[in-house]
Amino acid sequence: MVVTTASDGTTPRDGWSSRSAFVLAAVGAAVGLGNLVRFPAEAANNGGGAFVLFYVACIVLIGLPVLLSETLIGRHGQASAVESMKRLAAESNASKWWGGIAGLGVAAAFMILAFYCVIGGWVLYYIGLFAADIVQSGISGGALTGMSAEDIKAIFPDLLNNGFTMSVLDVAFVVITVMFVARGVSGGIEKASVWLMPAFFMLLLGITIYGAFTGAFSEAVGYLFTFDASKLTGPVMLAAVGQAFFSLSLGVAGMMTYGSYVGRDVNLAKTSATIAFADTSVALIAGLCIFPIVLAAGLSSDGGLGLMFDTLPHAFQSMPFGTLIGLAFFVMVGFAALTSSISLMEVPTAWAIDKFGLRRAPTAISIAVAAAVLGILSAYSFNALSGFHPLGFIPLFEGEGIFSALDSVTAKLFMPIGALLVSIFVGWIAERRLIDNENGLSGGLHRFWLFLVRWLCPLALTGILIVGIFPSLLPA
Ligand code: PHE
């Protein structure tokens with residue numbers, strides 16, 4: 001176990017064994033289904049190059065400053081997110097209620113964990129599908145041989161109709177996640193990141209190179225990067241900012257929690273920049289990995305989850321070595337989803353350990369059980385419980401089942417509110433000297449960061465929050 005010392009100099013804590021372990025774990029948290037499913041689909045549907053450029057600007061000008069703010073709060077506090085916020089607030093003579101911001105984040109992380117593991121379960125299903133296909137028909141031909149286009153189209157809707165199968169797979173994904181979280185930071189979470197992230201990168205590059213040679217690569221580049229400024233409308237910009245925050249895992253106290261395991265010798269500004277750069281690169285490469293395959297098969301993206309679970313399996317059918325590539329692809333997605341679900345589970349686990357003085361393994365297992373129960377309810381919201389709309393009384397969430405309500409509430413309310421309050425806290429409330437000691441910046445860059453955290457981030461996040469709640473305010 002690697003031990004770091006708390007800022008009060010007393011409690012020894014488990015922590016990352018090196019700077020690169022932190023970077024890999026944080027990149028693992030950031031890189032997930034958001035990069036692989038949502039980014040490519042949104043980029044393609046929302047005007048390609050203009051969306052991509054605006055997205056990168058959001059990452060640099062809004063996401064990165066908040067990422068640095070979150071990690072520095074955690075590193076300063078050397079405790080769970082809520083405790084770290086409270087410590088920094090107390091040392092800055094501010095109300096301890098600021099700890100509540102991180103409390104919102106803990107709740108959001110738990111809610112995202114619940115529905116994220118349902119999607120993780122779908123990924124397991126497709127891994128099984130392609131593995132069985134290899135056993136049956138070998139690797140040389142295309143995937144899913146003998147299935148008609150209709151059969152393939154039916155795979156995903158059939159799965160969504162089957163609440164029991166989805167529940168079993170959800171529980172399986174939660175169990176895999178908790179196996180790492182229960183083993184601790186250096187003994188479990190770090191091990192997962194250090195093995196899975198390099199494997200993820202190799203698979204991503206391998207499949208992208210395969211797509212570049214066998215698929216419609218130049219068409220995909222055109223599809224993703226053609227610049228058409230007229231497509232950059234209000235809703236598209238909103239989608240880009242929301243995606244930037246989700247992708248960097250901000251506003252849910254995750255980066256605060258991971259930051260709390262970082263040693264004093266690490267420059268947080270440099271590591272935050274590395275994390276944001278890696279996350280954005282993966283999103284862009286994911287687009288260049290998926291679209292050559294999809295376009296070569298003459299398919300088009302319908303956006304959303306259908307791109308991964310419907311369109312891609314279809315595309316693999318007609319590709320050389322399609323079964324093998326399909327299996328590699330879903331294993332890669334599984335690795336990315338797992339390192340993200342681990343970070344999501346770690347947030348409430350670290351909180352409960354701190355709050356109630358509990359031991360890690362039983363705490364993580366209790367949270368896993370609760371997440372599995374909520375996940376099973378989410379799985380049934382596609383079928384037996386589809387008529388149940390838990391937040392139906394709020395117009396914004398009208399008609400949404402449990403799964404999509406969890407997604408919307410966290411994306412539209414919890415994440416932007418969390419990130420907004422973090423930027424206000426770091427920009428205006430926290431003692432300047434304490435912040436300056438942590439952030440690893442100096443000179444003009446320091447002043448620029450401060451300007452972004454004090455002005456641009458709060459303004460942009462308030463805007464996102466308002467138009468997220470009142471979408472009709474946006475000009476189309
Ligand atoms: N960033 C992850 C993704 O892109 C999702 C996530 C959000 C993970 C919040 C942790 C916390 O899929």
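Predicted model only: the values in this text are computed from it and were never measured. Indexing begins at 1, ligand by ligand and atom by atom, following the structure's order.
Atoms of ligand 1 found under 4.0 Å from any heavy atom of S343 (numbered from 1 in listed order, with element): 10 (C). When each atom of ligand 1 is checked for a heavy atom of G34 under 4.0 Å away, the hits are 3 (C), 4 (O), 12 (O).
Between A30 and ligand 1, at least one N/O pair is under 3.5 Å apart. Every N/O-N/O distance between V252 and ligand 1 stays at or above 3.5 Å. The shortest N or O to N or O distance between F246 and ligand 1 is under 3.5 Å. For a threshold of 3.5 Å applied to N or O pairs, the pair formed by N35 and ligand 1 contains at least one separation below that value. Between L33 and ligand 1, a contact under 3.5 Å exists for at least one N or O pair.
In terms of protein heavy-atom proximity, atom 12 (O) of ligand 1 is closest to Y116 OH, 2.7 Å. For atom 6 (C) of ligand 1, the nearest non-hydrogen atom of the protein is S249 OG, 3.6 Å.
Of all the heavy atoms of A29, the ones lying under 4.0 Å from any atom of ligand 1 belong exclusively to the backbone.
Note: W428 and W455 have perpendicular aromatic rings, judged against thresholds of 30 and 60 degrees for the angle between ring planes. Between F246 and Y116, the ring-plane angle classifies as tilted under the 30° and 60° cut-offs. Ring orientation note: the planes of Y258 and W16 are nearly perpendicular, at an angle over 60° on the 30°/60° scale. Under the 30°/60° scheme for interplanar angles, the aromatic rings of F330 and F130 are found to lie parallel.
In this structure, F356 has its ring center closer than 6.0 angstrom to the ring center of W351. When ring centroids are compared, F309 and Y126 come within the 6.0 Å threshold. Aromatic rings from W122 and F382 are positioned such that their centres are separated by under 6.0 Å.
Taking all atoms of both residues into account, the shortest heavy-atom contact from N383 to L160 is ND2-O, 2.7 Å.
Using a 4.0 angstrom heavy-atom cutoff, G254 does not count as in contact with ligand 1.
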